[in-house]
Amino acid sequence: MLRKIWKKSQISPFVIIAIIILAVIIVYFGLKPDDSNKISPEIFPLFNFVENCVQKTTGDAIYNIGETGGYFFAPDLSIDGIAYYFYEKEDYMPSKEKIEDELNKYVNNMLFFCTKNFEDFKDYEVKQEKIETKTIIEDEKVVFNIDYQLSVKKGGDSYLIEEFELEVPVRLGVIYKVVSEIMKEQMEEKEAVCISCIGELAEENDLFVDLRDYENDSIIFYVIDRNSEINEEVYVFNFANRYEKWNEV
């Protein structure tokens with residue numbers, strides 16, 4: 001019995017020391033500043049410029065797909081730049097993944113126009129790689145993860161900027177769900193528009209839906225969200241339906 005107690009007394013100090021070392025390591029790395037997120041003061045003006053361009057371009061992307069019905073460029077099946085979701089009794093509404101991809105395309109193609117090849121930063125030598133964007137549409141926001149690698153030289157020093165992440169507080173996910181329900185009702189009753197159904201859906205989700213007669217037996221739907229703003233304007237998402245002959249129910 002005494003022998004066992006002696007063994008424990010010999011091992012305990014080593015265990016305690018190991019625990020102390022482990023605690024020190026955890027505290028050190030837990031409190032150590034994350035240098036990966038630091039931007040050198042030397043290139044902060046350029047970084048801030050790109051960040052502002054990212055904010056502007058992502059906002060413009062969301063605004064643009066609202067104007068077209070979910071597309072970077074309106075598809076062939078559209079009227080005055082607004083995509084048809086219902087045409088000759090068929091459903092052409094894009095998937096949420098398709099709209100996310102269209103947002104990706106917008107940012108990938110248009111961000112360069114905002115940065116203007118960094119012509120206003122002649123003191124910097126900037127090499128830029130291809131822009132790759134991944135967009136996620138959530139109920140209350142749209143999340144952009146943008147891989148935009150910039151190799152920057154100033155004087156004799158080199159710097160690297162790799163990615164940007166931005167959340168835009170627009171309820172695009174909520175809007176998409178409401179439009180999906182409108183289209184579900186539409187496909188069940190192809191000869192009519194259920195105005196009361198649309199009104200109930202809009203009220204339940206704190207939205208407003210305006211319908212306007214258009215040419216070629218078409219109706220333009222304007223889904224308005226007063227809880228979301230882009231470019232200091234209330235956010236509107238448009239789409240079009242075409243009917244051979246339609247009635248309100």
I'd like to know if the side chain of [X] and the backbone of [Y] have a donor-acceptor N/O pair within less than 3.5 Å.
X: Ser78; Y: Ala74; result: no
X: Asp91; Y: Met93; result: yes
X: Gln186; Y: Ala192; result: yes
X: Asp101; Y: Glu97; result: no
X: Asp123; Y: Lys154; result: no
X: Asn64; Y: Phe72; result: yes
X: Glu215; Y: Ser218; result: no

[X] [atom1] to [Y] [atom2] distance, which is reported to the nearest 0.5 Å:
X: Ser151; Y: Glu162; atom1: OG; atom2: CD; result: 9.0 Å
X: Ile195; Y: Glu200; atom1: CD1; atom2: CD; result: 12.0 Å
X: Ser95; Y: Glu100; atom1: OG; atom2: CD; result: 8.0 Å
X: Thr133; Y: Met110; atom1: OG1; atom2: CE; result: 13.0 Å
X: Ser180; Y: Ile175; atom1: OG; atom2: CD1; result: 11.5 Å

Should [X] and [Y] count as side-chain neighbours, where that means a heavy-atom distance under 4.5 Å?
X: Val168; Y: Val143; answer: no
X: Glu140; Y: Val174; answer: yes
X: Ser158; Y: Val152; answer: no
X: Val209; Y: Ile224; answer: no
X: Val107; Y: Phe144; answer: yes
X: Val126; Y: Phe121; answer: no
X: Asn227; Y: Arg171; answer: yes
X: Ile62; Y: Thr58; answer: no

For the [atom1] atom on [X], are there more than 12 heavy atoms of other groups (residues, nucleotides or ligands in this structure) within a distance under 6.0 Å?
X: Glu138; atom1: CD; answer: yes
X: Glu165; atom1: CD; answer: yes
X: Glu181; atom1: CD; answer: yes

Do [X] and [Y] share a hydrophobic cluster (ILVMFWY, side-chain heavy atoms under 4.5 Å, transitive)?
X: Leu103; Y: Tyr63; value: yes
X: Leu172; Y: Val236; value: no
X: Ile43; Y: Ile146; value: yes
X: Phe237; Y: Tyr71; value: no

Lys/Arg N to Asp/Glu carboxylate O, [X] vs [Y], below 4.0 Å:
X: Lys130; Y: Asp147; answer: no
X: Glu102; Y: Lys98; answer: yes
X: Glu132; Y: Lys134; answer: no

Q. When you look at Asp60 and Lys56, which way does the salt bridge (Lys or Arg N to Asp or Glu O under 4.0 Å) test go after all the steps?
A. CA-CA 6 Å; Asp60 289 346; Lys56 179 183 185 306; 2.7 Å; yes

Q) Pick one: which of Asn145, Asn109, Thr135 meets side chain to side chain donor-acceptor pair (under 3.5 Å) with Asn104? A)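 The passing option is Thr135.
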
Q) Can Val179 and Phe239 be said to form a side-chain contact (heavy atoms from CB on, under 4.5 Å), step by step? A) CA-CA 9 Å; Val179 175; Phe239 66 96; 3.8 Å; yes

Kindly say whether the aromatic ring centers of [X] and [Y] come within a distance under 6.0 Å.
X: Phe118; Y: Tyr124; answer: no
X: Tyr92; Y: Tyr85; answer: no
X: Tyr106; Y: Phe73; answer: no

(Q) For a quick check under 3.5 Å, do Asn241 and Tyr243 share a side-chain donor-acceptor pair by atom type? (A) yes

Q: Check the side chains of Gln128 and Tyr148 for a donor-acceptor pair under 3.5 angstrom, ignoring hydrogens and angles.
A: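 Looking only at side-chain atoms, Gln128 and Tyr148 do form a donor-acceptor pair, the distance falling under 3.5 Å.
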
Q: State whether Phe86 and Arg242 meet the cation-pi test: NZ (Lys) or CZ (Arg) under 6.0 Å from the six-membered ring centroid, and within 45° of the perpendicular axis.
A: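 Arg242 over Phe86 ring: no.
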
(Q) Walk me through whether Leu150 and Tyr159 qualify under side-chain contact (heavy atoms from CB on, under 4.5 Å). (A) CA-CA 8 Å; Leu150 301 170; Tyr159 308 89; over 6 Å; no

Q.
Quick one, Glu67 with Ile82, criterion side-chain contact (heavy atoms from CB on, under 4.5 Å). Give me CA distance, side-chain angles, the key distance, then yes/no.
A. CA-CA 7 Å; Glu67 290 282 289; Ile82 301 174; over 6 Å; no

**Q.** Intermediate values then yes/no, side-chain contact (heavy atoms from CB on, under 4.5 Å), Leu111 and Val54
**A.** CA-CA 7 Å; Leu111 184 53; Val54 167; 4.2 Å; yes

Q.
With side-chain contact (heavy atoms from CB on, under 4.5 Å) as the test, pick out the partner of Leu46 among Thr115, Asp120, Ile161.
A.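 Exactly one option meets the side-chain contact (heavy atoms from CB on, under 4.5 Å) with Leu46, and it is Ile161.
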
**Q.** Residue from Val223, Leu207, Ile182, Val178 passing side-chain contact (heavy atoms from CB on, under 4.5 Å) with Ile198
**A.** Ile182

